[in-house]
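Encoded as structure tokens, the structure appears first; notes follow it.
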Amino acid sequence: GKDGSTPADFINKLKQSNNKNDKSSSLCSVKNPATLPSKNFITVNGRVYVPDSLVINAEDLDLLIDMEQSRATAIKELLLGDDANVVALPSSTTSRHDALGRAATFLAVKNAKSTTPRRDAVYEVDKLVKESFPGGKNPLRFTWNDDDDDDDSNGLRVTVSAIVDPISESAQRAASLLRVIRDVLHLPLKLVFAPKPLMEADDKISSYYRFVSGMEMNTKNSAVMATFSNLPTNHLLTLKLDVPESWNFQQTLAIQDTDNLRCDVVSGCSDDDHSLSQEEGGGLIPKRHERSYDTYVGYGLKNLLYFGQCVDATTGSPPNGLQLNLYRNGGKHDNDGEMEVGADGSIVSSSSSSLSETTTTAAYSDTLVMKNGGYWQLRANPGVWDLRIAEGSRGAEIMDFVDGRIQGGRLVGSANPDRHQSKKLVVSDFLGKSDMLITRRRPGYEKATLFYEAGASKAGGSSSSSDGDDDDDDDTINVFSLATGHLYERFMKIMMLSVTKRSSMKVKFWLFENFLSPSFKATAKHMAKEIGCEVEFVTYKWPEWLRGQKEKQRIIWGYKILFLDVLFPLGVKKIIYVDADQVVRGDLKELWDMDLQGAPYGYTPMCSSRESTLGYAFWTQGFWASHLAGKPYHISALYVVDLEKFRKDLVGDQLRSVYQQLSADPNSLANLDQDLPNYAQHQVPIFSLPQEWLWCESWCSDESKAASKTIDLCNNPLHKEPKIQMAKRVISGSLFQESWDELDAEVAAYEEAYNNRI
């Protein structure tokens with residue numbers, strides 16, 4: 001406004017006006033109400049809108065102002081552009097007459113350039129198709145809700161036009177949204193199909209997309225569902241969710257293997273062959289007689305993710321490596337009383353401290369700030385949270401949070417802003433938003449690093465720990481693994497059993513949750529209690545700024561290597577990754593205690609003792625032979641990670657940077673989880689573990705099997721063999737205390753005991 005006010009100021013003024021009891025209060029007065037277009041109307045930038053609804057809230061006005069500002073900005077850029085026939089208007093010009101003259105000149109020149117009326121893309125495509133079908137109806141053009149216009153010239157009418165290639169992946173996504181626009185919002189819709197004139201080999205439908213909207217909620221069933229029908233038969237299908245970045249969705253119900261769904265002509269896609277005794281009568285699943293050919297899968301929202309960026313105001317760059325802890329408000333370090341989020345999103349504080357005495361002092365979640373844009377991600381739920389720089393970490397010693405904003409790499413605001421060791425975060429909706437954290441170094445620490453030197457730490461803290469329950473790595477082996485599909489879940493339980501049987505130390509398994517079935521998570525917890533180990537599930541959401549993968553296997557490979565620095569609690573100092581389809585013969589304590597000689601991780605080199613497959617050893621020829629320059633190529637089925645070293649050297653940031661560069665070429669990183677660390681060897685060294693720590697029949701000789709400490713069921717390039725058949729053949733005989741069959745039977749017994757108990 002002329003007084004320097006912003007749209008936000010106007011909206012706040014409107015809120016204050018609406019909150020007054022005096023109904024006659026208004027933002028302006030009108031001398032002659034009869035001249036107004038309507039009793040209720042809005043005028044913005046000279047444009048008059050008559051709303052259909054009697055209720056207008058601040059968010060509606062905010063959207064309207066944003067639209068008008070965007071329109072005005074676009075016109076301004078045209079007026080001030082580099083048009084050869086129009087002299088740009090200097091920003092310092094204040095003459096209204098000069099501005100009007102230049103605007104008139106601009107419009108005259110633009111009008112002279114085009115003698116035909118401007119048409120939208122739908123019109124142009126429609127015209128082109130009409131030329132192909134003279135005198136007939138355009139078979140590629142569809143319109144709906146064209147008669148819904150109430151001829152209110154003062155109203156705001158929205159019309160949606162779409163041009164889609166009907167066999168493209170984007171068309172599948174658009175189709176579901178267009179149905180909501182047509183059937184729920186009842187907006188005028190124009191749809192034009194624009195298929196490619198020539199089909200290519202890759203132009204085929206290989207995925208099927210459904211969009212679930214709350215607007216489509218069935219009144220007979222409280223659950224919102226997506227339905228797939230007429231799927232191709234005799235094909236293996238995989239189910240995958242595509243949800244907002246801030247949603248942590250996990251599978252809560254699945255009878256069948258959603259990684260290997262098969263539909264056939266006789267039974268379709270059916271759950272009928274499975275026992276439904278536990279699910280019958282539930283709100284989500286119909287009774288048996290209603291579901292003869294259906295498959296039902298349920299998902300639930302487990303957490304909301306809070307994410308954002310962090311900038312060091314001292315340097316203007318991200319403080320990568322800064323450790324952050326998230327506490328429930330009212331928990332540790334909180335002296336401000338309890339705070340709650342009201343139904344309308346407002347924050348209500350209370351002076352009561354009774355809840356503070358009973359809340360846990362452990363951090364709810366923790367993370368590191370990445371170098372990539374200063375990105376950070378934390379698990380949360382609706383409510384008010386206390387975000388802190390991890391106590392005992394180097395960051396807590398040298399940095400504080402400050403208020404203000406960053407502009408041009410510098411802090412804008414007070415010259416001496418208040419410093420805080422904590423910041424309130426509010427999760428008040430399901431939309432998810434990015435938050436900017438600003439830190440500033442304390443005097444004297446301008447050049448200090450964010451990690452203590454080896455062996456040095458602040459009193460009472462550790463060089464890489466959170467305030468939560470710190471896992472005692474001195475007497476517990478942390479094992480990381482991940483799997484998807486019922487077959488590999490079966491293999492994973494056998495791996496867990498073999499590790500626990502052979503280990504002389506306590507074992508804690510950290511299993512990646514995103515792709516695990518509900519039945520596995522339940523039975524794995526039960527089996528862990530019976531065999532004397534621990535199980536904890538970890539999760540992370542692939543950031544949208546990091547180039548994604550489409551194939552599920554490649555997504556899993558990415559999670560296996562790209563987020564090791566942020567996947568586990570900061571108190572976990574070391575992990576050993578073991579592939580799900582391995583059987584362990586040796587004691588992992590030996591691997592746990594092994595000196596990695598300054599490297600952040602250790603991998604086993606690929607075997608080269610089986611002569612029949614040497615011709616398939618791609619790493620000994622071509623690009624890899626040249627790039628490795630004498631360094632070994634390592635297999636990713638087993639590796640040890642010194643997480644303290646990994647985090648201190650910012651290895652995660654380096655790997656993500658290399659990945660972002662290489663993944664731009666879709667033909668690179670054929671074996672993503674394996675190729676990436678091997679390619680980055682020249683900047684991130686790999687310690688080569690002794691060869692006996694991973695034996696694979698495809699590459700290792702039969703003679704070396706007796707000394708092996710783990711057996712991996714890797715694929716053979718000479719022939720294909722079913723995994724279970726291979727496991728029964730390879731893991732048997734006098735070299736093993738238990739054969740694969742015996743381990744499998746023991747796992748099945750634990751599963752049966754769990755099922756009988758429930």
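Just so it is clear, the model here is predicted, and its values are computed rather than measured.
For the pair Lys709 and Trp695, the NZ or CZ position fails the cation-pi test of under 6.0 Å to the six-membered ring centre and within 45 degrees of the ring normal.
Put simply, the side chain of Asn716 gets close to the backbone of Leu718: a donor and an acceptor are under 3.5 Å apart. The backbone N or O of Leu546 lies less than 3.5 Å from no partner atom in the side chain of Arg656, so there is not a single donor-acceptor pair. Proximity of a side-chain donor or acceptor of Glu644 to a complementary backbone N or O of Lys573 within less than 3.5 Å is not detected. Without hydrogens or angle criteria, Asn514 side chain to Tyr540 main chain gives a donor-acceptor distance under 3.5 Å. Counting only distance, with no hydrogens or angles, the side chain of Ser168 and the backbone of Ala171 share a donor-acceptor pair below 3.5 Å. Put simply, the side chain of Asp673 never gets that close to the backbone of Ile561: no donor and acceptor are under 3.5 Å apart. Judged purely by atom type and a 3.5 angstrom limit, Asn678 uses its side chain to pair as donor or acceptor with the backbone of His634. Counting only distance, with no hydrogens or angles, the side chain of Asn248 and the backbone of Leu304 share no donor-acceptor pair below 3.5 Å. For Asn303 (side chain) and Leu305 (main-chain N/O), no donor-acceptor pair under 3.5 Å exists by modelled atom type. In this structure a side-chain-to-backbone donor-acceptor pair under 3.5 Å is present from Arg554 to Ala670.
Defined by atom type and a distance below 3.5 Å, a donor-acceptor pair is present between the side-chain atoms of Gln256 and Thr295. Side-chain atoms of Thr604 and Gln691 form no donor-acceptor pair, as typed in the model, at a separation below 3.5 Å. Between the side chains of Tyr375 and Gln377, at least one donor N or O lies within less than 3.5 Å of an accepting N or O. Side chain to side chain, Trp510 and Asn478 meet the donor-acceptor criterion of an N or O pair below 3.5 Å. Between Glu489 and Ser517, the side chains place a donor N or O and an acceptor N or O closer than 3.5 Å (distance only, hydrogens not considered). Under the 3.5 Å distance criterion, with hydrogens and angles disregarded, a donor-acceptor pair is assigned to the side chains of Gln674 and Tyr633. Remark: the Ser663 side chain and the Arg547 side chain contain an N/O donor-acceptor pair separated by less than 3.5 Å. With no hydrogens or angles considered, a side-chain donor-acceptor pair links Gln582 and Thr710 at under 3.5 Å.
By the 6.0 Å contact criterion, NZ on Lys371 is open, its count of non-hydrogen atoms from other residues, nucleotides or ligands being 12 or less. Counted within 6.0 Å of CG on Asp665, heavy atoms from surrounding residues, nucleotides or ligands total more than 12; the atom is thus considered enclosed. Atom CD of Glu551 is surrounded by 12 or fewer heavy atoms from other residues, nucleotides or ligands within 6.0 Å. Atom NZ of Lys723 has more than 12 neighbouring heavy atoms from other residues, nucleotides or ligands inside a 6.0 Å radius.
Comment: Asp242 does not engage Arg210 in a salt bridge, judged by the lack of any side-chain N to carboxylate O separation of less than 4.0 angstrom. Note on Lys560 versus Asp579: salt bridge recorded, some NZ/NE/NH1/NH2 to OD/OE distance being below 4.0 Å. Looking at Lys521 and Glu513, a side-chain N of the basic residue comes within less than 4.0 Å of a carboxylate O on the acidic one, giving a salt bridge.
Atom NZ of Lys631 is separated from atom OG of Ser688 by 9.0 Å, given to the nearest 0.5 angstrom. How far CG of Leu487 is from CG of Asn260: 8.0 Å, rounded to the nearest 0.5 Å. Atom CD in Glu721 sits 9.5 Å away from atom OG in Ser698 (nearest 0.5 Å). Distance check, rounded to the nearest 0.5 Å: CG of Leu326 to OG1 of Thr367 gives 10.5 Å.
Between His627 and Trp624, the two ring planes are perpendicular [angle over 60°; tilted spans 30° to 60°].
A centroid separation of less than 6.0 Å is found between the aromatic rings of Trp699 and Trp619. Checked against a 6.0 Å centroid threshold, the rings of Tyr559 and Phe512 count as neighbours. Between Trp542 and Phe563, the ring center distance clears the sub-6.0 Å criterion. Taking the six-membered ring for Trp and the full ring otherwise, Tyr601 and Tyr639 have centroids separated by 6.0 Å or more. Taking the six-membered ring for Trp and the full ring otherwise, Phe480 and Phe568 have centroids separated by under 6.0 Å.
Between Leu378 and Ser365, the shortest heavy-atom distance links the atoms CD2-OG, 3.6 Å. For the pair Ile711 and Ile731, the tightest heavy-atom approach, listed with the atom from each and the gap, is CG2-CG1, 4.2 Å.
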Hey, mind stepping through Thr258 and Gln251 against side-chain hydrogen bond (donor to acceptor under 3.5 Å, both in side chains) and telling me if it holds? CA-CA 10 Å; Thr258 56; Gln251 200 172 92; 3.2 Å; yes
For the pair Cys700 and Cys607, evaluate disulfide (SG to SG under 2.5 Å) and give the outcome as yes or no after the intermediate values. CA-CA 5 Å; Cys700 304; Cys607 272; 2.0 Å; yes
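Contact check for Leu236 versus Leu261: no side-chain heavy atoms found under the 4.5 Å cut-off. By the 4.5 Å heavy-atom criterion applied to side chains, Phe687 and Tyr603 are not counted as neighbours. Using a 4.5 Å heavy-atom cutoff, the side chains of Phe491 and His486 are not in contact. Under the 4.5 Å side-chain criterion, counting only non-hydrogen atoms from C-beta, Leu368 is not in contact with Leu324.
Listed by chain and residue number, Leu614 satisfy the side-chain contact (heavy atoms from CB on, under 4.5 Å) test with Glu611 (two or more places apart in sequence, or in another chain).
Here the options are Arg729, Arg610, Lys705, the test is salt bridge (Lys or Arg N to Asp or Glu O under 4.0 Å), and the partner is Glu697; only Arg729 passes.
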